[in-house]
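Let me begin by presenting the structure, written as structure tokens, before commenting on it.
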Amino acid sequence: MLEMNDISRVYRTDLVETHALRGLSLSVEAGEFVAVTGPSGSGKTTFLNIAGLLETATSGSYMLDGKDVSKLSDNERSRIRNEKIGFIFQSFNLIPDLNIFDNVDVPLRYRGFNGNERRERIERALEQVGLASRMRHLPSQLSGGQQQRAAIARALAGDPAFLLADEPTGNLDSLMARQVMDLLEQINQNGTTIVMVTHDPELARRAHRNVQLLDGKIATSNPFTPQADVADIAEPAMQPVA
Amino acid sequence: MEIRPILSAMWRNRTGSVLVAVQIALTLAIVVNCMFMAKSRIEFIARPSGMDIENIITAQSLGFGSDYRHDETIDADLRALRALPGVIAVTPASGIPMSGSGSATGYKTSMDEDAPRETANYYRFDEHAEQALGVKIIEGRGFTELEVRRADDENYDRMPPQVIITKAYAERLFGDEPALGQLIYDGLNESAEVVGIIEHQYGAWVHWSSFDNVMWFPQRQEGPSIRYIIRAEPGQRDALIPVVEQTMQELNSSSRLVRNVRTMEETVATSYEGDFAIASTLIVAIILLFVITGLGIVGLASFTVRQRTKQIGTRRAIGARKRDIIRYFLTENWLMTTIGIVIGTVLTISLNYALATAFEIERLNYVYLVIGMGMLWLLGFVAVAEPARRASNVSPAVATRTV
Amino acid sequence: MFLYNLRLARLSLMKQPLLTGLMVLAIGVGVGACMTILTFVYSLTSDPIPEKSDQLFAVRLDSWGPDEPYDDRRPDEAPWQLTHADAMALLESPVPTRHAAMRKAVFTAVPENRDVAPFLTLSRMTGGAFFDMFNVPFLFGGTWDEDADRNAENVVVLSKETNDSLFGGENSVGREARFGDDVFRVVGVIDEWQPIVLYYDVNNGPNNDVEDVFMPYTIGDRREIDMSGNVNCWKDEQIDTYFDLMQSECVVTQFWAELENEAQVAEYQSWLDRYTEGQKALGRFERPTNNRLSTVTEYMKIREVAADEILVVMSIGVLFLAACMFNTIGIILARFIAKAPVIGLRRALGASKAAIFRQHLVEVGVVGLAGGILGLLLSMLGLAGVRAMLSDGDRAAHLNLELVLIAIVIAVSSAIIAGLYPTWRICQLAPAGYLKTQ
């Protein structure tokens with residue numbers, strides 16, 4: 001599904017040269033739920049931008065869905081973002097002037113679907129996240145959790161090959177965070193690949209696999225862990241704290 | 001207030017700053033050139049005419065049909081018009097000065113075939129012309145009643161033996177020599193003596209370069225058209241207009257038309273209307289441009305303030321006083337205005353040069369450049385004052401808020 | 001997608017109504033100022049008779065005196081008018097399809113109805129060919145025939161207004177009308193006709209009204225009808241009477257010829273040159289041969305119908321629009337840069353640069369359209385102002401459909417030009433830069 005090979009990214013300004021990624025290699029299988037973690041400055045954001053085709057790597061190759069996407073033009077990358085990738089952001093990034101329906105509609109517009117197809121997809125996606133009744137609301141009229149669910153609906157509406165989530169619960173309280181995570185898990189179980197960037201080990205544990213970044217490289221990559229185990233380990237571990 | 005950090009902030013947002021500067025520069029170039037051209041026009045319109053234009057009424061009588069008697073009609077008209085209360089003087093006239101229509105021909109100072117000629121705009125008036133026009137004869141005398149030839153005079157087609165000319169024309173004809181008593185000659189070498197010199201009077205065509213080359217003949221204009229120049233006592237003019245018209249109509253309305261009884265002011269305004277229209281257009285352009293540029297600065301500054309709310313809050317949080325914030329914005333705007341004015345100065349001079357080359361426009365008087373600069377500095381200051389005040393009201397608490 | 005972009009534009013513009021209003025105002029004022037002046041210049045320079053302006057020629061012969069040119073400023077130009085004698089001679093030429101000499105005169109119209117006061121009429125004294133040459137529309141009747149020209153018959157064509165005054169607007173063809181002491185037979189009444197520029201006689205004032213009556217040029221000599229209009233002389237001659245003037249070297253008459261093709265033009269040109277050669281033998285035409293044929297538009301250009309000062313104001317107007325545009329560019333740029341996060345998001349969600357570009361171009365286009373409409377309203381106001389200031393501005397200072405379209409095109413294209421740079425700038429933004437929480 002997603003295969004990065006020896007990816008490096010260097011930012012240059014007049015004064016300094018920053019190596020955000022140094023030879024990162026990562027492969028994600030279809031249907032996987034991968035968490036990418038790491039402390040601030042470890043290269044999470046750069047990884048996310050490159051994985052989401054928002055930026056290009058300085059060197060290295062990136063295969064997405066069997067296709068080399070590291071050398072594509074801006075236009076082709078826009079199309080792949082539109083068709084294959086669903087973004088979920090920490091701050092939701094809903095467009096405040098548009099209602100929920102229209103927000104979900106945004107990527108579909110660029111896809112060039114006709115009106116009927118768009119409406120069907122929007123309604124289906126909103127139903128899936130439980131917001132069908134709120135589609136005429138403006139983002140500001142919804143709670144944070146609802147906003148993030150709307151953003152997830154927007155990511156899903158185009159049937160992407162994988163979802164790219166950036167701290168999806170970072171702006172939410174714990175109850176809402178749990179709901180959103182439940183939703184993501186459910187989406188994953190329905191077959192959508194998810195790559196989630198987070199600094200929260202707690203969240204990371206709910207993924208199938210945990211990739212830890214440090215100084216622009218993969219420090220550890222935990223192998224596939226059954227979810228039940230994560231929960232088993234997590235629950236007792238939390239109890240002394242609670 | 002240190003300018004360096006402001007400059008570096010402007011450098012980072014250089015496109016925006018350049019746009020404001022270019023706008024100021026264009027505004028300066030347009031405003032200064034417009035101001036200068038408008039001023040030239042206004043001065044042109046306001047040139048002293050030498051005549052008492054404000055108190056003069058003019059009228060035309062146009063005879064028709066075989067019953068029309070030209071001299072008799074004029075005699076009767078003059079008698080009646082001169083008897084009207086409030087009338088100072090009336091002269092029959094071949095044309096109205098500054099009306100845009102008249103006659104001109106060249107005269108010389110000797111019989112010599114090749115002597116240079118100087119063109120004069122000539123009028124046929126009677127002995128009341130000086131009083132009727134309100135001009136001043138500074139040397140010699142006006143015409144006498146006996147000198148004035150009627151249209152039925154057998155010598156009407158000959159050049160009359162006396163003429164009165166303006167001082168300007170006298171100087172162009174005779175240079176430094178005294179003109180009074182000299183002879184001038186027409187193309188057929190008929191001559192006339194200069195019996196009087198008018199201090200100053202304009203002729204027919206306001207745009208003619210020799211506008212003040214004017215000559216009077218003691219004659220009545222031939223028929224069937226005759227005009228009257230009627231000078232009213234101050235304050236009587238407007239009331240006299242209908243009276244003049246009615247008086248003339250009552251005297252004869254069967255074999256002549258009475259036309260164009262109106263103030264000379266109106267006639268002169270019509271001659272200058274193109275200049276007036278251009279001056280007004282330029283002034284409107286100046287005002288509009290100031291408003292647009294001012295609003296543009298207000299708009300952009302308010303927008304910048306809104307965008308920088310957090311930054312302003314941070315400054316406040318770390319101890320900037322309200323007036324530091326105000327001063328920051330004023331200084332920033334002053335810098336942009338000044339850069340614009342510097343570019344604008346070059347632009348103003350180039351524009352004036354281009355216009356002067358293409359269209360025979362006067363070269364710029366730099367006083368107007370200085371005035372324009374001052375106005376733009378003031379405009380920039382006024383326009384940014386309110387946004388700066390709003391910026392100073394940003395709460396320091398904004399700094400800690402995440403939006 | 002266009003409708004979608006239109007909806008986005010509306011949302012975006014409504015969000016900051018003051019800035020939007022400012023942009024619309026800036027473009028509107030710029031376009032309004034420009035259009036006011038452009039309308040004026042356009043009226044003064046546009047072809048008044050496009051269907052045949054290249055077949056109508058103002059004819060001029062350089063009959064001026066040997067010592068100096070007619071116009072010191074432009075020594076190559078021949079005098080604007082012909083002498084009466086030359087005009088009469090040119091009327092004998094067999095070459096042109098049509099031709100007409102013309103001048104002005106003043107008559108007092110005396111209505112049959114004694115209750116209506118006599119009134120002044122301006123007359124164009126010309127040939128019967130005048131009406132067909134200049135495509136003058138007739139309401140009743142038509143022109144007079146060649147015999148009327150040859151025999152200097154008392155025939156007259158009335159303007160609609162004169163016919164209204166004299167005959168209450170009835171079909172007056174065949175009736176008699178009194179002008180001064182003479183009685184004329186009405187042969188035609190023309191419909192309303194008023195070229196913006198009185199191009200057939202710019203010499204006596206391009207802003208004048210079309211004359212009230214038209215009469216055969218030839219009756220001038222029979223009735224000794226005085227000149228009205230410009231007379232220019234160079235020679236020292238004793239001129240007392242009508243015939244003194246008409247036989248002098250003074251130029252008094254305008255002359256037009258209709259020539260259908262280049263061959264005919266060439267033939268006429270050589271006919272004219274032969275004529276002046278013949279006159280040179282008689283001691284006239286002492287200057288180098290300079291016989292000019294100018295088409296309507298050429299002649300309007302030569303006569304500088306659009307004065308320098310109008311062109312100065314025009315260039316100021318264009319700069320004015322430029323200043324307004326820079327104003328607008330600044331505001332658009334600031335707004336677009338503030339929208340960077342949303343644009344970054346749209347890019348992340350798959351919008352191509354082109355899609356973003358189109359979206360924002362639609363937005364500035366909407367601003368341009370609104371500015372154009374405001375500009376039109378303002379230019380109507382401006383033109384009303386011009387009309388109030390100029391007594392003859394009434395004709396020139398009017399918008400027509402073509403000018404309205406030009407205004408809209410200017411407004412929208414200047415808004416789009418103003419928007420191009422900001423739009424290009426935001427398209428260059430890296431999509432990733434604005435997605436993280438601030």
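Owing to the predicted nature of the structure, the values given are computational and were not obtained by experimental measurement. Protein chains get the first letters and strands the later ones, always in sequence-line order, with residue 1 at the start of each.
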**Report entry** Part of B:Leu257 lying under 4.5 Å from any heavy atom of chain C
**Finding:** side chain
Requested in this report: Could you tell me which portion of B:Arg158 (side chain, backbone, both or neither) has an atom closer than 4.5 angstrom to a non-hydrogen atom of chain C?
Outcome: neither
Query raised in the report: If you measure only the distance, is there a donor-acceptor pair under 3.5 Å linking the side chains of C:Arg335 and C:Thr20?
Result: no
Report task. Would you check if C:Phe107 and C:Ile225 make a side-chain contact, meaning some heavy-atom pair closer than 4.5 Å? Result -> yes
Requested in this report: Count the heavy atoms belonging to other residues, nucleotides or ligands that lie under 6.0 Å from CD of C:Gln428, then report whether that count exceeds 12.
Outcome: yes
Query raised in the report: Under a 4.5 Å heavy-atom cutoff, which of C:Ala26, C:Pro118, C:Ala33 has the most pairs with chain B?
Result: C:Pro118
**Report entry** Region of C:Leu333 in contact with chain B, defined by heavy-atom distances below 4.5 Å
**Finding:** side chain
Query raised in the report: Counting distance only, does the side-chain N/O of B:Asn189 pair as donor-acceptor with the main-chain N or O of B:Met111 below 3.5 Å?
Result: yes
Report summary line: If one checks every heavy atom of B:Leu351 against chain C at 4.5 Å, the contacting part turns out to be side chain
**Report entry** Under 4.5 Å from any heavy atom of chain B - which part of C:Phe119
**Finding:** backbone
Query - Max heavy-atom pair count under 4.5 Å with chain B, selected residue of C:Ile331, C:Leu18, C:Leu311 - result: C:Leu311
**Report entry** Side-chain donor/acceptor of C:Asn203 to backbone N/O of C:Asn230, under 3.5 Å
**Finding:** no
Query raised in the report: With under 30° as parallel and over 60° as perpendicular, where do the rings of B:Tyr122 and B:Tyr107 fit, or are they tilted in between?
Result: perpendicular
Query raised in the report: By a 4.5 Å heavy-atom criterion (distance strictly below it), what part of C:Arg178 contacts chain B: side chain, backbone, both, or neither?
Result: neither
Query - Choice from C:Gly317, C:Gly180, C:Ala334 maximising heavy atom contacts with chain B below 4.5 Å - result: C:Ala334
Query raised in the report: Would a 4.5 Å heavy-atom cut-off, applied to side chains only, mark C:Asp181 and B:Phe64 as touching?
Result: no
Report summary line: Counting heavy-atom pairs under 4.5 Å with chain B, the top scorer among C:Asp226, C:Val313, C:Leu120, C:Thr241 is C:Leu120
Query raised in the report: Is there a donor-acceptor pair under 3.5 Å between the side chain of B:Gln60 and the backbone N or O of B:Ser225?
Result: no
**Report entry** Interface moiety of C:Gln16 toward chain B, non-hydrogen atoms closer than 4.5 Å
**Finding:** side chain
Query raised in the report: Given a strict heavy-atom distance threshold of 4.5 Å, which part of B:Leu355 is in contact with chain C: side chain, backbone, both, or neither?
Result: side chain
**Report entry** SB check C:Asp236 B:Arg117 (cutoff 4.0 Å)
**Finding:** yes
Report task. Sort B:Thr270 into side chain, backbone, both or neither according to what part of it lies under 4.5 angstrom from a heavy atom of chain C. Result -> side chain
**Report entry** Interface moiety of B:Arg256 toward chain C, non-hydrogen atoms closer than 4.5 Å
**Finding:** neither
Query raised in the report: Heavy-atom distance under 4.5 Å to chain B: side chain of C:Ile329, backbone, both or neither?
Result: both
Query raised in the report: Do C:Thr108 and B:Leu62 touch side chain to side chain, with heavy atoms closer than 4.5 Å?
Result: yes
Query - Basic-acidic side-chain contact under 4.0 Å: C:Arg223, C:Asp182 - result: yes
Query raised in the report: Who among B:Met37, B:Gln307, B:Arg259 has the most heavy-atom pairs with chain C under 4.5 Å?
Result: B:Arg259
**Report entry** chain B contact via C:Val106 - side chain, backbone, both or neither, heavy atoms under 4.5 Å
**Finding:** side chain
